[in-house]
Amino acid sequence: MPKIDELINIGFCFHQEGKLEEAEEAYQEALLTDEKNAEIYNLLGVLKLQQNDVISAINWIEKAIEQNPAEYFYETLFQAYVRAGLFKHIVRREDEVLKLFPENFSLLFNIALAYKNLKNIKSAIKYYDKALKINPASYTAWFNLSHLYSIEGETKNAVSALKICKKIRPNDIDTDYFLSLALMRVKDYAKGLKLFESRLCRETAVALQNKTYPDKASKERLWKGENIKNKTIYVYYEAGFGDVIMFSRYIPLLADRCKKILFLPQKQLVPLFRDNQLGYDEIIDRFIPEKDIEFDVHAPLLSLPYLLGLKGDKVFAYPEGYLRPNKKLKEEYKKKFFDNDKIKIGIKWQGNTYYDQDRVIPTSCFKPLMEVENTQYYSFQTFEGSEDIKELEGIVDIGKDLIDFQQTAAALSNLDLVICNDTSLAHLAGAMGIPCWVLLPYEVNWRWHTDLSVCDWYNSVKLFRQKSIGDWKSVFDEVLKEMID
């Protein structure tokens with residue numbers, strides 16, 4: 001019968017050759033000889049990780065640590081915990097790891113990562129700081145730390161961390177993109193907008209320049225801000241509805257710089273923009289064959305403030321409102337829904353959850369607001385999330401009848417106030433100059449900046465932010481106080 005060392009070596013050779021079943025048999029046979037051999041337990045754990053059987057891997061490595069709390073066993077275990085999403089397990093071992101291996105970068109990094117995923121931001125920052133003292137050249141640690149600083153509103157620290165990331169990886173597109181967001185959040189638009197152009201090279205946006213007309217877009221050039229006084233420019237949407245509503249404020253400024261504007265918004269926005277002549281000459285609302293469309297240059301909508309060379313407060317063009325409702329539709333909605341003497345308040349609690357769950361507000365949070373005397377509430381929730389309206393009594397469901405933003409704008413124009421999450425409805429209300437209270441999660445989008453006492457983009461918008469992650473109660477307590485006062 002082979003000795004224990006021979007069995008381990010046989011198993012290890014099979015392991016290296018990728019013959020995992022044969023390797024496992026050899027390791028198991030070795031265990032029959034020495035059931036307290038920590039190295040065998042660990043090797044079985046590593047093998048199970050390679051087979052993507054993470055839970056079995058964790059069980060084997062934990063047994064290895066019971067026999068021998070070796071440093072590299074903990075490293076493998078923490079990697080397995082991360083793969084399984086068992087972040088609480090990492091935190092439970094925090095004290096023992098700090099006692100045994102206080103200078104191990106990998107372990108400290110994973111403790112930070114665990115706290116990050118558990119949304120304990122301050123503890124995560126503390127451990128990334130500890131890890132970076134050991135390995136100050138870790139791009140991933142600096143990058144993660146920058147995000148945490150951003151969540152906490154420590155945007156200057158976020159910018160500093162991202163600048164270090166840029167030194168480590170000078171040509172990294174993601175670094176440039178997130179640095180642009182951090183800079184814009186502190187209103188450094190001179191640098192931020194330039195770096196924001198890096199988004200056009202990110203994997204999620206490489207097809208953007210080719211939207212609808214790929215042959216034309218590859219033949220004709222992206223506008224770089226040069227003189228186009230006698231040229232036609234094709235401007236097309238990117239990102240979500242709210243982004244397009246927000247950045248459409250720049251089209252009147254572009255109209256002064258060119259001969260003709262062809263504008264492609266999302267189809268749900270077409271009727272709204274047909275009601276509002278912002279300076280475009282033609283709205284593209286259907287497919288036009290490439291041979292039948294002509295333009296000299298093209299640009300995505302979100303590039304306009306940079307390409308127009310806007311500086312300082314000029315970035316916040318038309319904060320008093322620049323969109324108007326269809327008058328006929330407004331009157332129709334008034335007769336159908338709003339012909340009463342009450343304070344008319346529209347609400348929405350959910351946007352596109354594919355991108356962000358933190359902005360979803362439980363409908364039950366609105367109940368105390370609905371008890372305020374002489375108020376009538378209207379739901380503007382559409383599609384996803386609209387089923388939650390059943391939790392709210394006495395509310396009028398307008399959302400089920402809204403099929404585009406022309407209708408939404410007409411209905412909104414009859415309201416005294418809009419209360420909603422960070423969603424396209426907030427941008428529409430702000431662009432129309434309608435009083436709107438936007439309820440923000442703890443992690444605030446860059447466009448709302450660090451000083452939430454004002455909204456630079458829309459004069460009619462007031463901002464409310466969670467005091468801690470997931471804490472909507474404090475937000476609604478503040479909103480209710482504002483309503484009563």
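The shown structure was predicted, so the numbers you read here are calculated from the model rather than taken from an experiment. Numbers here are sequence positions counted from 1.
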So, using salt bridge (charged side-chain N to carboxylate O under 4.0 Å, His left out) as the criterion, who are the partners of [X] when residues are at least two apart?
X: Lys166; answer: Asp176
X: Glu96; answer: Arg93
X: Glu478; answer: Lys467

Heavy atoms of other groups near Lys390 NZ, more than 12 under 6.0 Å
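More than 12 within 6.0 Å, yes.
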Qualifying ring pair (Phe, Tyr, Trp, His ring centres under 6.0 Å) pairs, either residue in residues 411-444, two or more places apart:
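Residue pairs passing ring pair (Phe, Tyr, Trp, His ring centres under 6.0 Å), neighbours aside: His427-Trp448, His427-Tyr458, Trp437-Phe464.
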Ring pair (Phe, Tyr, Trp, His ring centres under 6.0 Å): which pairs involve residues 371-418, sequence neighbours left out?
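Counting only pairs at least two positions apart or across chains, the ring pair (Phe, Tyr, Trp, His ring centres under 6.0 Å) contacts touching residues 371-418 are Phe241-Phe405, Phe338-Tyr378.
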Classify the side-chain pair Asn104/Glu75 by whether it contains a donor and acceptor separated by less than 3.5 Å.
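Yes, side-chain donor-acceptor contact under 3.5 Å.
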Do side-chain atoms of Asp416 reach the backbone of Lys344 as a donor and acceptor pair under 3.5 angstrom?
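Between the backbone of Lys344 and the side chain of Asp416 there is a qualifying donor-acceptor contact (under 3.5 Å).
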Salt bridge flag under 4.0 Å for residues Asp243 and Arg447:
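Judged by the 4.0 Å cut-off on N to carboxylate O distance, Asp243 and Arg447 do form a salt bridge.
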Does this structure show an ion pair linking Arg359 with Asp422, if we count only N-O contacts that are shorter than 4.0 Å?
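Looking at Asp422 together with Arg359, the answer is yes, because their closest N to O distance falls below 4.0 Å.
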Aromatic ring pairing Trp472/Phe476, orientation class (parallel under 30°, perpendicular over 60°, tilted between):
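The rings of Trp472 and Phe476 stand perpendicular, inter-plane angle above 60°.
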With sequence neighbours excluded, tell me which residues meet ring pair (Phe, Tyr, Trp, His ring centres under 6.0 Å) with Phe87.
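Testing Phe87 for ring pair (Phe, Tyr, Trp, His ring centres under 6.0 Å), a comparison that skips the adjacent residues, returns none.
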